[in-house]
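Notes to accompany the following structure.
Numbers for residues simply follow the sequence, beginning at 1. Side chains are part of it too, since the values below use all heavy atoms of this structure and drop only hydrogens, waters and symmetry mates.
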Amino acid sequence: MVFINRLYLSQAPEFIPPENSQYDWIGPPDPVSNLRPIRFHVATNESTLEKHLRLFRQETEEWNQKFWAAQNSSFIKEKEEFITSCLKAEGLGLKDENGRKRKLSAEKMAEFYKDFLNKNWQKHADYNKEWYKRNITMTFLMGKVTLQMFWERLGRRTEEVKSKR
């Protein structure tokens, strides 16, 4: 079973998990991607298979971070452009006479959300396919690591029994 500690980098920006930690550490959400970064535990006696799994998980984490950072940046930029365009079309500025930021109606924003999702449908479909492939690969590797650990423990127990005879 994996135990995950929460780490809040905003409170301790230079925080590094203790050397004797045996767990992955999860930080606060990234301000752009909204994903929580993970600092993966590196076992001192890490096998080649365990290292392969950890590196694949890290690479997947970076891939996921890049995708969502780019996607969310695009969303925010296009949303601001849409709002600005709609307000200009109505002859309004970004702020009202009291200096408050103007907002569009829910119906108007629904137009933007629908268009954005339609425009990015293929990108999301490709992301989902890749995400499922990566999760299946990780699950398979985790199964192999678990089986490897089981056989190692079984081997040690067999050796203990032989040495007691």
Side-chain angles (χ1 to χ4, degrees), residues 1-18 21-43 46 48-145:
M1 178 167 71
V2 176
F3 178 81
I4 299 176
N5 290 307
R6 297 206 183 267
L7 138 79
Y8 291 92
L9 296 174
S10 60
Q11 295 173 356
E14 297 299 318
F15 183 84
I16 297 172
S21 173
Q22 299 176 8
Y23 310 109
D24 293 340
W25 290 71
I26 298 179
D30 178 86
V32 180
S33 72
N34 293 319
L35 299 177
R36 292 179 174 274
I38 301 173
R39 291 194 183 172
F40 293 94
H41 167 67
V42 180
E46 183 177 61
T48 304
L49 186 57
E50 288 171 311
K51 182 177 182 178
H52 178 64
L53 170 60
R54 179 179 51 80
L55 293 175
F56 184 72
R57 288 178 68 208
Q58 286 174 324
E59 192 272 323
T60 298
E61 177 75 13
E62 291 168 14
W63 166 81
N64 205 22
Q65 171 70 25
K66 284 179 188 172
F67 175 84
W68 285 108
Q71 188 65 13
N72 290 348
S73 293
S74 173
F75 176 84
I76 290 166
K77 180 181 176 231
E78 290 181 37
K79 180 177 146 188
E80 291 303 317
E81 289 171 355
F82 178 81
I83 291 170
T84 302
S85 169
C86 288
L87 290 173
K88 279 186 181 177
E90 294 176 17
L92 299 170
L94 292 175
K95 299 200 178 207
D96 66 15
E97 49 282 343
N98 295 323
R100 291 180 295 211
K101 190 174 179 181
R102 290 188 196 274
K103 295 180 181 180
L104 298 179
S105 69
E107 293 81 18
K108 198 72 174 159
M109 288 307 298
E111 287 177 34
F112 166 75
Y113 298 135
K114 182 179 185 284
D115 289 343
F116 185 84
L117 289 174
N118 287 341
K119 192 168 62 175
N120 289 281
W121 181 87
Q122 189 61 53
K123 189 188 299 185
H124 283 204
D126 293 344
Y127 167 83
N128 283 334
K129 286 178 197 169
E130 181 64 21
W131 180 244
Y132 287 124
K133 284 183 205 174
R134 287 172 180 267
N135 274 297
I136 289 167
T137 301
M138 272 189 268
T139 302
F140 178 73
L141 288 171
M142 287 176 175
K144 284 178 75 172
V145 166

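Here the CG atom belonging to L53 is positioned 12.5 Å from the OG1 atom belonging to T48, to the nearest 0.5 angstrom. One finds the CZ atom of F56 at 4.5 Å from the OG1 atom of T137 (value rounded to the nearest 0.5 Å). Interatomic distance, CD1 of I136 versus CZ of F140, reported as 11.5 Å (0.5 Å rounding). Once rounded to the nearest 0.5 Å, the distance linking CZ of F116 with CH2 of W121 reads 15.5 Å. Atom CG of L104 and atom OG1 of T84 lie 9.0 Å apart (nearest 0.5 Å). Taking CE of M142 as the reference point, atom CG of N135 lies at 8.5 Å (rounded to 0.5 Å).
S74 and E78 share a donor-acceptor pair across their side chains, judged by distance under 3.5 Å alone.
More than 12 non-hydrogen atoms from other residues, nucleotides or ligands lie less than 6.0 angstrom from OH of Y113.
Summarising the geometry of P37 relative to E61, their closest heavy-atom pair is CA-OE2, 3.8 Å, with the distance given to 0.1 Å. Shown here for V32 and S73, the closest heavy-atom pair between the two residues is CG1-OG, 3.4 Å. Between S33 and A69, the closest heavy-atom pair is CB-N, 3.7 Å. The two atoms that bring W25 and Y23 nearest to each other are CD1-O, 3.2 Å, heavy atoms only. What you find for P28 and R36 is that their closest heavy atoms are CA-NH1, 3.5 Å.
Look at E130 and R134 and you find a salt bridge, because one of the NZ, NE, NH1 or NH2 atoms lies within 4.0 Å of a carboxylate O, short of that distance. A salt bridge is defined here as a Lys NZ or Arg NE, NH1 or NH2 lying under 4.0 Å from an Asp or Glu carboxylate O, and E81 with K77 meets this definition. With respect to E111 and K114, no salt bridge is recorded, no charged nitrogen being found less than 4.0 Å from a carboxylate O.
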Report, one line per pair, each donor and acceptor closer than 3.5 Å where one atom sits in a side chain of residues 87-97; sequence neighbours left out.
from	atom 1	to	atom 2	distance (Å)
D96	OD1	N98	N	2.9
D96	OD1	G99	N	3.0
D96	OD1	R100	N	2.9
D96	OD2	R100	NE	3.3

If you apply the rule side chain to side chain contact (heavy atoms under 4.5 Å, CB included), what do you find for N64 with W131, and how did you get there?
CA-CA 8 Å; N64 205 22; W131 180 244; 3.8 Å; yes
Applying side chain to side chain contact (heavy atoms under 4.5 Å, CB included), run through L55 and K51 and close with a yes or a no.
CA-CA 6 Å; L55 293 175; K51 182 177 182 178; 3.9 Å; yes
Going through the distances and angles, do F75 and F112 end up as a side chain to side chain contact (heavy atoms under 4.5 Å, CB included)?
CA-CA 10 Å; F75 176 84; F112 166 75; 3.5 Å; yes
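Contact of the H41 side chain with the R54 side chain is not registered, since no non-hydrogen atoms from C-beta on lie closer than 4.5 Å. In this structure, the side chains of R102 and I83 stay at 4.5 Å or more apart for every pair of heavy atoms.
For the pair D30 (side chain) and L35 (backbone), a donor-acceptor distance under 3.5 Å is absent.
Between H124 and F67, the two ring planes are perpendicular [angle over 60°; tilted spans 30° to 60°].
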